[in-house]
Amino acid sequence: MRCAAVADLLGKCDISPFFWANGRVPESAEYEALRDNGFRDYRLFVYGLVDNPVSLSLDELRALPSTSQITQHFRIQGWSGVARWGGVPMSAVLDLVRPRPEAKWVVFYSFAQGSDEGIYYDVHAIEQMRYHLSMLALDMNGEPLPFRHGAPVRLRNEVQLGYPSCARVGSTAARSRSLG
């Protein structure tokens, strides 16, 4: 039973008491060092077909415009969960880096390995990153994003239901064509 008064929004009472974690945990020395120092040395690199490439610390990310939302996370494995996500709207990141007109895709690179033992990455249409619910999540349920749910930064793309949202994001690049 949903508690929210507005049909397309969820409320605090909808937040799941348990939220599954999945995906591969990074095993690199780089990620372990970042995690061991509370991600104080973390930098998000945003580059590619942009006029203003940046390298942002967590404090710098938190200084950008912020948003929060309570949304349901659907996974193709058959489970779902509701959480309150807080972070930086992807539109604010795009405004900062100013993608060039030929940039059509945004690639998010994780610290984790993919199924082929290479770096895990997600590719998303740049227009989806301007959607008002697309964000770089820094918080989950009012606390810094937990390790098991993608710390320090996780993509939330609510346009892609059941689609992976890159966890443990280390960098992102604007590209003219998809990698897939």
Side-chain angles (χ1 to χ4, degrees), residues 10 12 14-48 50 52-73 75 77 79-97 106-115 117-124 129 132-158 160 163-174:
L10 297 169
K12 280 185 174 182
D14 295 305
I15 293 174
S16 302
F18 179 79
F19 199 95
W20 290 95
N22 65 317
R24 297 180 77 169
V25 175
E27 298 173 355
S28 70
E30 178 187 16
Y31 185 79
E32 287 180 16
L34 288 169
R35 188 180 74 182
D36 289 348
N37 81 0
F39 299 103
R40 284 187 297 277
D41 296 329
Y42 172 82
R43 306 292 299 181
L44 173 69
F45 298 96
V46 186
Y47 59 96
V50 298
N52 184 38
V54 296
S55 168
L56 302 167
S57 69
L58 281 177
D59 287 341
E60 290 167 327
L61 281 168
R62 289 187 182 283
L64 293 174
S66 65
T67 188
S68 68
Q69 64 202 29
I70 298 174
T71 51
Q72 188 162 9
H73 183 79
R75 289 300 304 212
Q77 292 89 350
W79 63 268
S80 67
V82 176
R84 180 175 180 256
W85 303 96
V88 180
M90 273 305 301
S91 60
V93 175
L94 294 177
D95 290 346
L96 177 66
V97 300
V106 181
V107 183
F108 295 86
Y109 297 96
S110 175
F111 285 104
Q113 286 185 312
S115 58
E117 301 306 316
I119 293 174
Y120 179 83
Y121 64 90
D122 280 350
V123 181
H124 297 264
M129 296 297 97
H132 72 282
L133 294 179
S134 295
M135 72 160 66
L136 290 178
L138 307 174
D139 299 313
M140 181 180 175
N141 296 330
E143 300 290 331
L145 193 62
F147 168 70
R148 67 187 308 245
H149 293 295
V153 175
R154 173 185 201 108
L155 172 67
R156 297 292 307 157
N157 179 1
E158 303 306 331
Q160 295 286 343
Y163 189 81
S165 58
C166 192
R168 301 168 190 95
V169 176
S171 61
T172 185

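Excluded from the calculations below are hydrogen atoms, water molecules and symmetry mates; all remaining heavy atoms, backbone and side chain alike, are included.
Of all heavy-atom pairs between Met135 and Gly86, the closest is SD-C, 3.8 Å. Closest heavy-atom contact between Thr67 and Pro89: CG2-CG, 3.8 Å. Residue Ala137 comes nearest to Leu145 through the heavy atom pair O-CD2, 3.7 Å, listed as atom of the first residue, atom of the second, then distance. Closest approach of Tyr47 to Pro53, counting heavy atoms only: CA-CB, 4.2 Å. When every heavy atom of Leu61 is checked against every heavy atom of Val88, the shortest pair comes out as O-CG2, 3.1 Å. Glu27 and Glu32 make their closest contact through O-OE2, 3.6 Å (heavy atoms, listed as atom of the first residue, atom of the second, distance).
At most 12 heavy atoms of other shown residues, nucleotides or ligands fall within 6.0 angstrom of atom CD1 in Ile119.
Judged as a side chain to side chain donor-acceptor pair (under 3.5 Å), and not counting sequence neighbours, Asp36 has no contacts. Listed by chain and number, the residues in a side-chain contact (heavy atoms from CB on, under 4.5 Å) with Arg84 are Ile15, Ser68, Ile70, Asn141 (sequence neighbours excluded). A search for side-chain contact (heavy atoms from CB on, under 4.5 Å) contacts involving Thr172 returns Val46, Val106, Phe108, not counting sequence neighbours. Judged as a side-chain contact (heavy atoms from CB on, under 4.5 Å), and not counting sequence neighbours, the contacts of Pro144 are Arg62, Asp139. In this structure Asp95 satisfies the side chain to side chain donor-acceptor pair (under 3.5 Å) test together with Arg130, sequence neighbours excluded. Remark: Tyr42 pairs with no residue by the ring pair (Phe, Tyr, Trp, His ring centres under 6.0 Å) rule, at least two apart or across chains. Every residue two or more places apart in sequence or in another chain that forms a side chain to side chain donor-acceptor pair (under 3.5 Å) with Glu60 is listed here: Arg43, Ser57.
A donor-acceptor pair under 3.5 Å is absent between the side-chain atoms of Ser171 and the main chain of Tyr109, judged by distance alone. Gln69 contributes a side-chain N or O that, together with a main-chain N or O of Leu133, makes up a donor-acceptor pair within less than 3.5 Å.
For the atom pair CG of Leu58 and CG of Asp41, the computed distance is 10.0 Å after rounding to the nearest 0.5 Å. Separating the CG atom in Leu136 from the CG atom in Asn157 is a distance of 11.0 Å, to the nearest 0.5 Å. A distance of 4.0 Å separates CZ of Arg156 from CD of Glu158, quoted to the nearest 0.5 Å. Separation of atoms CH2 (Trp85) and NE2 (His149) is listed at 7.0 Å; rounding is to 0.5 Å.
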